[in-house]
2 protein chains.
Amino acid sequence: MDKSEYLEQAADIDELDEKILKLITKNARIPFLEVARECGVSGAAIHQRVQRLLNIGVVSGSEFIVNPQKLGYNTCAYMGIHLEKAKFHKQVVVALRKIPEVIECHYTTGQYAIFIKIQTKTNKHLKRLIDEDLQEIEGIARTETFMSLEMDFKRQVPIQ
Amino acid sequence: MDKSEYLEQAADIDELDEKILKLITKNARIPFLEVARECGVSGAAIHQRVQRLLNIGVVSGSEFIVNPQKLGYNTCAYMGIHLEKAKFHKQVVVALRKIPEVIECHYTTGQYAIFIKIQTKTNKHLKRLIDEDLQEIEGIARTETFMSLEMDFKRQVPIQ
DNA sequence: AATGAAATAGTGCTGAT
DNA sequence: ATCAGCACTATTTCATT
């Protein structure tokens, strides 16, 4: 039996990789030549290192970060989901993925089977999503909602 | 009394802005000239639009997305925090921010006063963080942890 | 608010070490 | 895995509409 899939291997990352990661995870548009100057190596080296980090999956692309509130998404909530039976997990995730307002979905253990983050325009919009979209999904027994009144901070995992 | 601070104003976003946002939120390194070609406008126009989106806070920078597991961060948990008194909120957030493994922190209502996301290298690392770092913080009464066994998906708020 | 043109700067390749 | 150098392309500014 192949157990390799259970071993999520940490990548070989040296100090130069860490320095590169610190820079590009803070600003994806930074010119690689500027990274090169800060690291004291050539632009080509940075270019190849970033390519490698992408290839081995240490980084998975880049994005401009949108501020949900400026797009009218003023309500943020976390929700714990209880399933009728554990076997419904997969199909419930498939259904949740189809709801664009569900922006994060985790397979959890403990009190809930699934844990999601929801971003809606208003509280009314959230209510409609719970009453209409979520309660329609086969396999969901019951949900518990935690409203976020304010996001105090958000960041990526510490590098190094 | 100035109530403007309570009115989180959605920004004026036209179709061109939306098209730009869709492209740059999926790939922050996309050349603006390519965005320009896709939108049928000049590169300078994209440049000015993106600058404006940054200025009015619709986007707040860019980042390469790191895969925590590849850096050895294999444990992800959400945690609800009960406070001894609501007034401790601010100082608890300050203390939480100092713990790099706490990667997200929300002011919540309902069952918990504060809700956080934690990313640690191992379960042991999480245990240590809970026993040593968190229980030391003045104002925290008790915590409840939900372990994420797998992140099914994660994305940004829908544009348009 | 968008454009074209021009100067500056970065990217991505190659061949060499 | 690194480098320098080169041709190509992008960024950014500015006068103009």
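Atoms considered below: every heavy atom in the structure, side chains included; atoms not considered: hydrogens, waters and symmetry mates. Order of the sequence lines sets the chain letters (A, B, ...), proteins ahead of strands, with each chain counted from 1. A quick note: this is a predicted structure, and the numbers were derived from the prediction, not measured.
For the side-chain hydrogen bond (donor to acceptor under 3.5 Å, both in side chains) condition, the pairs that include at least one residue of residues 83-102 of chain B, sequence neighbours left out, are B:Glu101-B:His125. Residues in residues 17-40 of chain B take part in no ring pair (Phe, Tyr, Trp, His ring centres under 6.0 Å) pair, two or more places apart or across chains. Applying the ring pair (Phe, Tyr, Trp, His ring centres under 6.0 Å) test to residues at least two apart or on different chains, the pairs with a partner in residues 136-160 of chain A are A:Phe146-B:Tyr112, A:Phe146-B:Phe115.
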For residues 131-140 of chain A, which side-chain donor-acceptor pairs fall under 3.5 Å, sequence neighbours excluded?
unit_1	atom_1	unit_2	atom_2	d
A:Asp131	OD2	A:Lys127	NZ	3.0

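Side-chain heavy-atom separations under 4.5 angstrom define the hydrophobic clusters, and the remaining members of the one that includes A:Tyr107 are B:Leu149. Summarising the hydrophobic clusters (Ile, Leu, Val, Met, Phe, Trp, Tyr; side-chain heavy atoms under 4.5 Å, direct or chained), the residues clustered with B:Met151 are none.
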Grab the N/O contacts between the protein and nucleotides 5-10 of chain C below 3.5 Å, and write none if there aren't any.
unit_1	atom_1	unit_2	atom_2	d
C:dG10	OP1	A:Arg37	NH2	3.4

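From one end of the helix from C:dA1-D:dT17 to C:dT17-D:dA1 to the other, with five pairs defining each end axis, the axis direction shifts by 30° (rounded to 10°).
Contact annotation for B:Ile46: no contact, since no heavy-atom pair falls under 4.0 Å across all strands.
Evaluation of the side-chain hydrogen bond (donor to acceptor under 3.5 Å, both in side chains) rule for A:Asp152 yields no partner, not counting sequence neighbours. When the side-chain hydrogen bond (donor to acceptor under 3.5 Å, both in side chains) test is applied to B:Thr75, the partners found at least two apart in sequence or on another chain are B:Asn123. Qualifying side-chain hydrogen bond (donor to acceptor under 3.5 Å, both in side chains) partners for A:Arg29, counting only residues two or more places apart in sequence or in other chains: none.
Residue A:Ile30 is the one, among A:Gln48 and A:Ile30, whose nearest nucleotide of DNA chain C lies closer to the 5' end (criterion: closest heavy atom).
Counting 5' to 3', DNA chain D first comes under 4.0 angstrom of a heavy atom of chain B and last does so at the ends given by D:dA10 to D:dT13.
Ion pair A:Asp14/A:Arg49 flagged as a salt bridge, since at least one NZ, NE, NH1 or NH2 atom sits closer than 4.0 Å to an Asp/Glu carboxylate oxygen.
If you measure from atom CZ of B:Arg52 to atom P of C:dA1, you get 6 Å, rounded to the nearest angstrom.
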